[in-house]
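Structure first, then comments.
Below, chains carry the letters A, B, ... as their sequence lines are ordered, and counting in each starts from 1.
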Amino acid sequence: MERYNHREVEEKWQNKWDSEKVFLASEDYSKQKYYVLEMFPYPSGKIHMGHVRNYTMGDVVARYKRARGFNVLHPMGWDAFGMPAENAAMQNNIHPAKWTYQNISNMREQLKLLGLSIDWSREIATCDPEYYQHEQRLFLDFYRKGLVGRKKSKVNWDPVDNTVLANEQVIDGKGWRSGAEVETKELTQWFFNITNYANDLLSKLDKLSKWPEKVKTMQNNWIGKSTGLQFKFEIVIAPDDDCKTIEVFTTRPDTLFGASFVAVAADHPIVKKLEKNNREINSFIKECRSKGTTLAEIEKAEKIGFNTGVKVKHPFIKDKNLDVYIANFVLMEYGTGAIFGCPAHDQRDLDFARKYDLDVIPVVLPEDIEKGKFIIENEAYTGNGTIFNSDFLDGKTIEEAKDTIVERISKNLIDGSPQGQKKITYRLRDWGVSRQRYWGCPIPIIHCGDCGVQEVPDDDLPVRLPDDVDFSVPGNPLEKHPTWKKVKCPNCQKDAVRETDTFDTFVDSSWYFARFCSPKANQPVNRESVDYWLPVDQYIGGVEHAILHLLYSRFFTRAMKETDHLSLDEPFSGLFTQGMVTHETYKDSSGNWLFPEEVMLDGSNPVHIKTGDAVTIGPIESMSKSKKNIIDPQSIVETFGADTARWFILSDTPPERDIQWTDKGAEASSRFIQRIWKIVNDGMSIISGNTIDEPKEFTENSLNIRKITHKAIKDITDALENLRFNRAIAHIYELSNEMQSIINKNKKLNDISELYAFRELLETYCQLFAPMAPHLAEECWKIIGCNGIISQREWPQLIEKYIQEDTVLIVVQVNGKKRGEIEVAKGLSKNEVEAAAMKIDNVSKSINSKIRKIIYVPNRILNVVI
RNA sequence: GCGGACGUGGUGGAAUAGGUAGACACAAGAGACUUAAAAUCUCUCGGAGGUUACUCCGUGCCGGUUCGAGUCCGGCCGUCCGCACCA
């Protein structure tokens with residue numbers, strides 16, 4: 001027997017699959033389809049272990065479903081627009097397109113080495129005008145349907161580089177390149193009106209039964225539906241005569257009598273008026289903005305406020321006025337950008353009240369506390385109770401009080417309209433898609449001084465990115481390009497300018513799954529194709545996309561339905577979110593990170609290979625370039641082969657959890673690949689290579705072999721159906737151990753039924769591990785003399801009768817503790833099992849008092865309670 | 001800060017419906033084969049006690065429900081992820 005040579009074998013079968021077109025999806029729409037998709041990669045240059053994990057999982061599903069007879073669509077493409085290409089252009093003076101396409105071609109080669117069963121004929125890259133022209137078409141279709149709008153929004157502005165910064169480019173409030181203090185600036189930008197669908201996106205989550213609960217919960221919270229009261233405070237002391245009211249939103253109208261202040265966002269319209277001739281307010285607002293633009297930063301920042309001097313009238317307490325503060329924790333994006341604060345029953349309001357010495361008036365009394373003894377210290381009371389200190393609400397429950405307030409306030413009229421009404425608010429905001437960058441899909445709009453916003457006419461699509469761009473000066477190259485933006489207005493033919501913003505790359509990835517169905521269609525999608533292939537049956541990717549990408553895709557699907565491109569709402573019927581790949585980290589004595597290949601073990605002490613210096617092993621973290629704890633998949637594939645890499649990445653760790661890459665584990669996987677090869681070869685020799693027709697009768701021994709075979713079919717099929725790849729592999733190990741022991745016990749099999757049973761086992765074995773280690777499986781299939789390509793074989797059929805047992809093992813407990821076990825015929829009565837159990841010495845010994853009751857779970861457990 | 005998850009031997013993990021905790025693997029140790037090594041094959045492997053039979057303890061911590069809890073409930077501790085311009 002020759003040692004298994006992964007280099008030769010893997011290349012051979014990859015070529016064979018290619019030349020036989022084994023993995024092309026069929027356009028025969030009468031077949032039952034299965035669409036499996038992994039989130040497509042950003043072409044950063046090299047594949048990483050996260051990709052290996054993601055694409056291997058998808059590949060196992062694709063191969064398994066193909067074997068189950070489905071017409072499988074398993075495509076691959078590139079999320080090819082984005083900032084890194086522009087950074088490369090600036091740093092290395094290489095054109096973003098050139099950089100991107102080099103990376104794509106490099107990564108494509110690397111992916112091919114993994115032996116993925118991908119239909120490469122459908123490959124797409126989002127930076128290709130062939131792709132993005134259709135995105136422009138979709139944008140215009142959405143625009144006409146009112147799904148697109150323009151509004152002002154804030155961006156991070158680097159005043160030195162004169163450029164907009166992404167959140168990740170702002171480090172400690174400073175620009176990453178210039179180091180300048182980042183400012184916030186308002187720009188008019190394009191938005192998709194995702195909030196139109198807020199309720200639909202929320203309510204249809206329930207129907208996504210094959211999505212992880214946690215992702216649905218996260219989306220649910222993200223959309224953040226809340227029902228409350230929106231009402232106007234009348235202003236008593238105003239900044240000017242135009243300001244008559246401030247409108248607030250609250251989910252706790254029942255606490256209105258506990259209100260002690262009103263707070264507005266720093267960019268509330270009223271603040272803009274106040275700010276004009278007030279230096280103090282001006283500097284306060286600057287301070288608010290310096291705390292950062294992300295939600296996390298804002299909410300982590302210390303709660304600060306500024307008393308504006310404006311006062312409003314309490315709607316129900318005569319002569320009571322509330323001070324209006326500007327507060328950094330009130331957000332313009334949510335509700336009305338203004339709130340009333342009830343410190344006794346909201347922690348944030350309480351912290352604020354303590355800081356500025358405001359009244360704390362409790363209005364909800366907990367059930368078990370007396371009125372006089374209920375004191376709020378430093379913890380707000382948010383629980384249930386009875387309303388008090390609240391005039392006409394006293395004695396009511398929270399719910400009753402809410403209803404009463406809503407009713408009363410809607411009857412108050414201000415200038416003839418109700419002072420307030422019940423209102424549903426969402427946390428979800430419209431999706432800002434404008435980016436002031438070059439390497440993205442141009443937004444197909446023309447701005448005319450006279451006619452305003454104009455669509456680019458259909459005949460002029462696509463709007464292509466210019467090739468000749470200059471990255472030597474900071475800022476958007478499209479803006480700075482000498483000619484590109486200069487066009488005639490399609491309406492009046494006068495001079496006009498193109499929109500120089502490009503799309504957020506999330507737009508590109510919000511519909512690529514639909515494009516894969518008909519990647520060459522001359523409209524965004526071909527209706528017949530998408531109607532057949534969509535939805536994606538199994539989508540697999542990182543949990544970091546649980547909210548944005550998935551929500552945007554769900555929105556796009558709805559918008560494409562409304563514009564007659566699709567006929568469904570939900571793009572992904574099954575979703576799986578995989579964990580990350582982690583590795584130990586290493587640091588040298590001066591605290592520099594080291595690559596794993598720079599470290600070796602001297603005895604049990606890690607040392608630097610070159611210098612011999614001691615190395616500290618740090619915590620296990622997800623692989624990242626900055627910490628250098630990365631393992632290059634290509635070198636793993638070269639050393640051990642693709643099957644080993646695939647095997648390791650699927651073994652042991654459940655797919656949704658983080659997996660730790662270890663050298664030992666990779667070596668063990670490699671050894672196991674060799675072991676399979678040996679078992680198959682040894683197996684062939686104990687049946688002397690025989691092929692036997694199915695005999696009429698089976699010996700006990702051969703029935704045992706068939707039991708092993710069919711038990712394995714059941715276990716591995718179950719595991720794969722549920723994406724429990726680690727368990728599928730554990731069952732392969734188990735099966736291998738069984739086969740090993742048959743081989744050890746029998747130098748040669750002679751009985752016809754045993755020969756038949758063992759050959760069945762050998763063939764089944766190869767088929768069962770084929771989705772995980774496909775190259776090895778093809779080669780083994782050939783060695784055992786089977787024809788054709790195993791990747792095209794039908795999945796082995798489970799025959800139930802071979803795995804049926806007539807006896808069961810029943811555990812006998814006394815007071816819940818195991819005291820023995822008995823093997824009895826299946827389906828025995830409680831009395832019979834009881835009698836058998838009492839015969840066990842250890843059981844009768846431990847029953848030292850009267851039996852109180854006996855619990856019997858048929859065929860499982862008997863518990864004697866004394 | 002808000003939201004979401006996770007926590008089981010030296011290690012990764014298994015336990016599908018509340019019913020034998022530790023499948024399978026890694027590491028470690030012992031043995032067989034070999035002139036030797038590698039490879040391969042076989043066995044042991046949560047802790048404590050006991051010659052064996054077996055007993056007690058044990059799934060982050062504290063409490064609860066139950067005949068029975070890794071699994072369900074309440075509270076805590078720890079770790080990780082997301083937070084709208086990274087993709």
Among B/rC86, B/rU55, B/rC41, the one nearest A/Glu168 by side-chain distance: B/rC86
Closest listed nucleotide, where the reference is the side chain of A/Leu295 and the choices are B/rG19, B/rA84, B/rG4: B/rA84
A/Tyr131-A/Tyr512 aromatic ring centre distance below 6.0 Å: no
Per A/Asn167 side chain, nearest of listed nucleotides B/rG4, B/rC85, B/rC67: B/rC85
Phosphate OP1/OP2 of B/rA39: any A/Arg675 side-chain N/O under 4.0 Å: no
Sugar-phosphate, base or nothing in reach of A/Leu809, heavy atoms under 4.0 Å: base
Partner nucleotide of B/rG1 by Watson-Crick or wobble geometry (both distances under 3.5 Å): B/rC83
Contact under 4.0 Å: A/Asn737 side-chain N or O vs B/rA25 OP1/OP2: yes
Short side-chain N/O contact from A/Lys664 to OP1 or OP2 of B/rC26, under 4.0 Å: no
Any A/Gln813 side-chain N or O less than 4.0 Å from OP1/OP2 of B/rU20: no
Syn/anti state of B/rG50 by chi, 90° boundary around 0: anti
A/Lys355 with A/Asp351: basic N within carboxylate O range, under 4.0 Å: no
Presence of donor-acceptor pair under 3.5 Å, side chain of A/Glu656 and base of B/rC6: no
Check: A/Arg819 main-chain N/O paired with A/Asn842 side-chain donor or acceptor under 3.5 Å: yes
Partner nucleotide, any strand, of B/rU71 [Watson-Crick/G-U, under 3.5 Å]: none
N/O (side chain, A/Arg671) to phosphate O (OP1/OP2, B/rA27) under 4.0 Å: yes
Complementary nucleotide for B/rG29 - Watson-Crick or wobble, under 3.5 Å: B/rC43
Residue-phosphate contact under 4.0 Å: A/Asn744 side-chain N/O, B/rU42 OP1/OP2: yes
Selected nucleotide, minimal atom distance to A/Glu734 side chain, candidates B/rC85, B/rG19, B/rC24: B/rC24
Sugar-phosphate, base or nothing in reach of A/Phe506, heavy atoms under 4.0 Å: base
Options B/rC24, B/rC85, B/rG4, nucleotide nearest the side-chain atoms of A/Asp504: B/rC85
Base B/rG12 to side chain A/Asp652, donor-acceptor N/O within 3.5 Å cut-off: yes
Touch class at under 4.0 angstrom, heavy-atom based, for A/Lys678 against every strand present: sugar-phosphate
Nucleotide nearest A/Trp222 (side chain, heavy atoms from C-beta), chosen from B/rA87, B/rC85, B/rA84: B/rA84
Side-chain N,O (A/Thr505) to OP1/OP2 (B/rA87) below 4.0 Å: yes
Parallel, tilted or perpendicular: ring planes of A/His48 versus A/His51, cut at 30 and 60 degrees: parallel
Check: A/Thr163 main-chain N/O paired with A/Asp158 side-chain donor or acceptor under 3.5 Å: no
Presence of A/Arg429 side-chain N/O under 4.0 Å of B/rA84 phosphate oxygens OP1/OP2: no
Sugar-phosphate, base or nothing in reach of A/Pro654, heavy atoms under 4.0 Å: sugar-phosphate
Presence of salt bridge, A/Glu86 and A/Arg435, under 4.0 angstrom: no
Touch class at under 4.0 angstrom, heavy-atom based, for A/Gly82 against every strand present: sugar-phosphate
Under-3.5 Å donor-acceptor pair between A/Gln169 side chain and B/rC86 base: no
Contact under 4.0 Å: A/Arg657 side-chain N or O vs B/rG7 OP1/OP2: yes
Selected nucleotide, minimal atom distance to A/Arg427 side chain, candidates B/rG4, B/rC41, B/rA84: B/rA84
For atom CG of A/Asn726 and atom P of B/rC24, their distance in whole Å: 15 Å
Touch class at under 4.0 angstrom, heavy-atom based, for A/Arg3 against every strand present: nothing
Given B/rA87, B/rA14, B/rC85, the nucleotide with the shortest approach to the side chain of A/Leu548: B/rA87
Identity of whatever pairs with B/rC54 - Watson-Crick or G-U, under 3.5 angstrom: B/rG49
Base partner of B/rG78, which must satisfy Watson-Crick or wobble distances under 3.5 Å: B/rC6
Nucleotide forming a Watson-Crick or wobble pair with B/rU16, both distances under 3.5 Å: none
Lys/Arg-Asp/Glu bridge criterion (N-O < 4.0 Å) met for A/Glu821, A/Lys818: yes
For B/rG22, the Watson-Crick or wobble partner whose two distances fall under 3.5 Å: none
Sugar-phosphate only, base, or nothing, as touched by A/Lys818 at under 4.0 Å among non-hydrogen atoms: base
side-chain N/O A/Lys714 vs B/rU16 OP1/OP2, d < 4.0 Å: no
Sugar-phosphate only, base, or nothing, as touched by A/Gln436 at under 4.0 Å among non-hydrogen atoms: base
Sugar-phosphate only, base, or nothing, as touched by A/Thr653 at under 4.0 Å among non-hydrogen atoms: sugar-phosphate
5'-most by nearest nucleotide on RNA chain B - A/Asn863 or A/Phe81: A/Asn863
Touch class at under 4.0 angstrom, heavy-atom based, for A/Val811 against every strand present: base
Aromatic plane relationship, A/Tyr733 with A/Trp647 - under 30° parallel, 30 to 60° tilted, over 60° perpendicular: perpendicular
Donor-acceptor side-chain pairing of A/Gln169 and A/Asn156 below 3.5 angstrom: no
A/Met83 side chain, from C-beta outward: closest of B/rA87, B/rG4, B/rC85: B/rA87
Closest to the A/Ala668 side chain, choosing from B/rC67, B/rC26, B/rU42: B/rC26
